[in-house]
Enquirer: 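Supplied in C-alpha cells, the structure appears directly below.
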Number of protein chains: 2
Amino acid sequence: MTRTDKKVRHSPKGKPKAYTRESAAEGVETALKLLEGRWKLVILFHLFGGNVLRFSDLERAIPAVSQKMLIQQLRQMERDGIVRRIVHHQVPPKVEYCLTEWGQALCPALDALLTWAALRDDLQ
Amino acid sequence: MTRTDKKVRHSPKGKPKAYTRESAAEGVETALKLLEGRWKLVILFHLFGGNVLRFSDLERAIPAVSQKMLIQQLRQMERDGIVRRIVHHQVPPKVEYCLTEWGQALCPALDALLTWAALRDDLQ
DNA sequence: CAGCATCCTACGGGATACTG
DNA sequence: CAGTATCCCGTAGGATGCTG
C-alpha cells in the first residue's frame with residue numbers, strides 16, 4: 001500500500017478510481033471487513049456526531065456487550081484508524097473513545113446503506 | 001450519484017426515517033448481513049449493469065468459488081430479494097441469474113463505501 | 001475503572017463425491 | 001448443466017474469573 005503521503009489534507013486531485021469488477025468487489029470487501037463484528041456498528045453510532053465516551057459509558061450504553069467484546073471491537077477499529085483512543089493517565093484509569101476524521105466520514109456511506117434498505121418496501 | 005429511474009418511482013409517502021442510534025445501527029446491521037458471505041460481493045459486481053449470467057458463467061467468472069458456495073450465496077441473495085433466478089426448463093438445464101431492481105439499487109451504496117475507503121489515504 | 005486470560009461452542013465456509 | 005450431500009476445520013464471539 002502506498003503510505004507516501006504526509007499530512008496532505010485535501011488532495012486536489014481525486015484518485016483515478018478505475019475499478020474492475022474484481023477490484024471494486026475487493027475494495028468493498030475490505031471496507032466491509034472493517035465494519036464486521038457483532039458490536040462495531042452499535043459502537044460507531046454511539047460515537048457519531050463527535051461524541052467522546054469512556055469505556056464505562058459505552059458499557060452502559062450497550063448493556064448486551066461483554067467487556068471482552070467491547071474492548072476487542074474498539075481495539076480493532078482503533079487499529080483500523082476508525083476510532084481514536086485517548087488515555088488519561090490517572091487513578092482510577094480514564095480512557096475515552098471517539099471517531100477519527102475518517103471514522104466520521106463513514107456516516108454518509110452508512111446512510112446510503114440505510115437508504116437502500118428502506119427502498120426494499122417501496123421497490124418490492 | 002442518483003440514478004434516474006425510467007420506471008417506477010412510486011413512493012406513496014416518504015418514510016418517516018426517524019432513526020435512533022440503535023435503530024440506525026440495527027438497520028445497517030441487517031443491510032450488511034445481506035451482503036456478508038465470502039462471495040456475495042464478487043457475484044454482485046458481476047451482475048451489476050444488468051448482466052444476466054448462467055450458473056456456469058459465474059463459475060467461470062469466479063474460479064475460486066466452489067459449487068456449494070456459489071449456489072448457497074446465490075440462493076441467499078435470491079431469498080433476500082437481491083438476485084433473481086430464472087429457470088429455463090430444458091435439457092440440459094439452464095438457469096440464469098440477474099439482479100432485481102432492489103439489487104441494482106445497491107450500486108450507489110457500495111460506491112459510497114468505496115469512496116469512503118479511498119478517503120483513508122487522503123485523510124490523516 | 002478499564003482492562004486481560006481462559007475455556008468453550010456455533011457456524012461459515014472449504015474439499016470432495018454423487019445426481020436428475 | 002446445475003445442482004445435492006457429507007465431512008471437516010478455523011474462528012468469531014459468549015461466559016466467567018482475575019488484576020493494575
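Because only heavy atoms are used, hydrogens play no part in the values below, and waters and symmetry mates are left out as well, while side chains stay in. Each chain gets a letter, A, B and so on, in the order the sequences are listed, and its residues count up from 1. Note that the coordinates shown come from a computational prediction; the quantities given were computed from them, not determined experimentally.
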Enquirer: For residues 73-113 of chain B, which residue pairs qualify under ring-ring contact (aromatic ring centres under 6.0 Å, His included), counting only residues two or more places apart or in two chains?
Expert: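 Qualifying pairs, neighbours excluded: A:Trp116-B:Trp102.
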Enquirer: Treating primed atoms plus P, OP1 and OP2 as sugar-phosphate and everything else as base, which nucleotides of nucleotides 13-20 of chain D get B, S or - for protein heavy atoms under 4.0 Å?
Expert: BBB----B
Enquirer: Where do A:Ser23 and A:Ala18 come nearest, in terms of heavy atoms and distance?
Expert: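 Closest heavy-atom pair between A:Ser23 and A:Ala18: OG-O, 4.3 Å.
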Enquirer: For C:dG3 and A:Arg75 - does any side-chain N or O of the residue sit under 4.0 Å from the phosphate oxygens OP1/OP2?
Expert: yes
Enquirer: Among residues at least two apart in sequence or on other chains, which ones pass side-chain hydrogen bond (donor to acceptor under 3.5 Å, both in side chains) with B:Ser66?
Expert: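 By the side-chain hydrogen bond (donor to acceptor under 3.5 Å, both in side chains) rule, B:Ser66 matches no residue at all.
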Enquirer: Which side-chain N or O atoms in residues 38-51 of chain A pair as donor and acceptor under 3.5 Å with protein atoms at least two apart or in another chain?
Expert:
from    : atom 1 : to      : atom 2 : distance (Å)
A:Lys40 : NZ     : A:Leu34 : O      : 3.4
A:Lys40 : NZ     : A:Glu36 : O      : 3.2
A:Lys40 : NZ     : A:Gln76 : OE1    : 2.9
A:His46 : NE2    : B:Glu22 : OE2    : 3.2
A:Asn51 : ND2    : A:His46 : O      : 3.0
A:Asn51 : ND2    : A:Phe48 : O      : 3.3

Enquirer: With sequence neighbours excluded, what pairs up with A:Asp111 under the side-chain contact (heavy atoms from CB on, under 4.5 Å) test?
Expert: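 Here the qualifying residues are A:Leu114.
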Enquirer: Mind checking what makes side-chain contact (heavy atoms from CB on, under 4.5 Å) contact with A:Arg54, not counting sequence neighbours?
Expert: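 For A:Arg54 the side-chain contact (heavy atoms from CB on, under 4.5 Å) partners, ignoring immediate neighbours, are A:Ser56, A:Asp57, A:Lys94, A:Glu96.
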Enquirer: Without decimals, in angstroms, what is the distance between B:Lys33 NZ and C:dG12 P?
Expert: 10 Å
Enquirer: Less than 4.0 angstrom between a side-chain N/O of B:Tyr97 and OP1 or OP2 of D:dC1, yes or no?
Expert: no
Enquirer: Who passes salt bridge (Lys or Arg N to Asp or Glu O under 4.0 Å) against A:Asp80, sequence neighbours left out?
Expert: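 Salt bridge (Lys or Arg N to Asp or Glu O under 4.0 Å) check on A:Asp80 returns nothing, list empty.
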Enquirer: Taking side-chain hydrogen bond (donor to acceptor under 3.5 Å, both in side chains) as the definition, give me every residue that meets it alongside A:Gln67, ordered by chain and number, with sequence neighbours left out.
Expert: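 A:Gln67 satisfies side-chain hydrogen bond (donor to acceptor under 3.5 Å, both in side chains) with A:Glu59 once adjacent residues are dropped.
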Enquirer: Identify, with sequence neighbours excluded, every residue that meets salt bridge (Lys or Arg N to Asp or Glu O under 4.0 Å) alongside A:Arg75.
Expert: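 Here the qualifying residues are A:Glu78.
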Enquirer: Rounded off to whole Å, could you give me the CD1-to-P distance for the B:Ile43 and C:dG13 pair?
Expert: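 Distance check: B:Ile43 CD1 to C:dG13 P gives 11 Å.
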Enquirer: Short of 4.0 Å, heavy atom to strand atom, which residues of residues 44-62 of chain A count as contacting DNA chain D?
Expert: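 Result for residues 44-62 of chain A: none.
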Enquirer: From B:Gln73 CD over to B:Leu35 CG, what is the distance, rounded to the nearest 0.5 angstrom?
Expert: 11.0 Å
Enquirer: Whole Å only: how far is the NE2 atom of A:His88 from the P atom of C:dG3?
Expert: 12 Å
Enquirer: Roughly what angle, to 10°, lies between the helix axis at the start of the helix from C:dC1-D:dG20 to C:dG20-D:dC1 and the one at its end, five pairs per end?
Expert: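 Roughly 50° between the end axes, to the nearest 10°.
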Enquirer: Of all residues at least two apart in sequence or in a different chain, which pass the salt bridge (Lys or Arg N to Asp or Glu O under 4.0 Å) check with B:Glu26?
Expert: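 With sequence neighbours excluded, B:Glu26 shows a salt bridge (Lys or Arg N to Asp or Glu O under 4.0 Å) to no residue whatsoever.
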